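FYI, the numbering just counts along the sequence from 1. Here the structure is a predicted model, which means the values were calculated and not measured.
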Amino acid sequence: MTENITSVGGGGRSDAGVSALKGRTGAGAPAETRGRTTIADGVVAKIAGMAARETSGIHNLGAGLSRTFGAMRERVPGGGAAVTRGVKVEVGERQAAVDLDVVVDYGVSIVDVAGDVRTNVIGAVERMTGLEVVEVNIAVDDVHLPDEREEAEPDESRVR
């Protein structure tokens with residue numbers, strides 16, 4: 001019988017913020033359990049962020065100020081999109097908790113969208129990491145109206 005052990009680095013160790021999945025070792029153990037796999041908190045945050053963004057009815061992630069800075073950062077060459085913007089995770093020995101700040105599209109049922117986000121995030125994180133997701137907390141920070149422009153978007157009348 002294979003025993004998987006998950007531990008998180010801490011207390012001044014260099015692997016702080018990393019989840020480690022460890023199996024039995026030795027010639028008698030199956031090949032897939034020989035050795036240790038570490039999963040950084042940032043990896044869990046990226047998985048959760050992508051899963052949340054894939055949900056219909058989610059316009060964006062992040063609170064107002066972080067969305068503004070993120071939009072400016074995306075315009076800078078090499079700045080890239082912040083997949084983890086609006087995502088916070090806590091990873092324990094065998095479990096993870098996720099906090100999301102979201103902006104929903106106007107007209108959607110916030111309750112239904114929140115349920116869909118939880119389903120997507122839990123499914124993706126558990127499938128990809130093997131960690132049990134104990135909770136996904138969602139804070140709806142804004143509703144995106146159809147005629148609203150994004151923050152930090154240039155004024156079209158000034159740019160020709």
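Between Val44 and Val125 there is a side-chain heavy-atom pair separated by less than 4.5 Å. Side-chain contact check for Val133 versus Val136: some heavy-atom pair is nearer than 4.5 Å. Ile138 is listed as a side-chain neighbour of Arg118, based on a closest heavy-atom distance under 4.5 Å. Taking the side chain as every heavy atom from C-beta outward, Glu132 and Arg94 never approach each other to under 4.5 Å. Side chains of Asp101 and Leu61 form no contact here, defined as non-hydrogen atoms less than 4.5 Å apart. Under the 4.5 Å side-chain criterion, counting only non-hydrogen atoms from C-beta, Val87 is not in contact with Asp99.
With Leu100 as reference, Val121 is the one residue of Val140, Val121, Asp141 to meet the side chain to side chain contact (heavy atoms under 4.5 Å, CB included) rule.
How far CG of Asp41 is from NZ of Lys46: 13.0 Å, rounded to the nearest 0.5 Å.
Leu145 and Val113 fall within the same hydrophobic cluster, defined by Ile, Leu, Val, Met, Phe, Trp and Tyr side-chain heavy atoms under 4.5 Å apart, directly or through other members. Criterion: ILVMFWY side-chain heavy atoms under 4.5 Å apart, direct or through other members. Under it, Met128 and Ile122 are part of a common hydrophobic cluster. Note: the hydrophobic cluster containing Val134 does not contain Leu131 (ILVMFWY, side chain heavy atoms under 4.5 Å, direct or indirect links).
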Intermediate values then yes/no, side-chain contact (heavy atoms from CB on, under 4.5 Å), Val98 and Asn137 = CA-CA 6 Å; Val98 179; Asn137 299 311; over 6 Å; no
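Around the CD atom of Glu90, the shell of radius 6.0 Å holds no more than 12 heavy atoms that belong to other residues, nucleotides or ligands.
A donor-acceptor contact closer than 3.5 angstrom is absent between the side chains of Thr55 and Asp116.
In terms of heavy atoms, Gly42 sits closest to Thr84 at O-CG2, 4.3 Å.
Distance alone, capped at 3.5 Å, is enough to place a donor-acceptor pair between the Arg53 side chain and the Val83 backbone.
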Atom pairs and distances, side-chain donor-acceptor, residues 102-111, under 3.5 Å, sequence neighbours left out:
| from | atom 1 | to | atom 2 | distance (Å) |
| --- | --- | --- | --- | --- |
| Asp105 | OD1 | His59 | ND1 | 3.3 |
| Ser109 | OG | Asp112 | N | 3.3 |
| Ser109 | OG | Asp112 | OD2 | 3.4 |

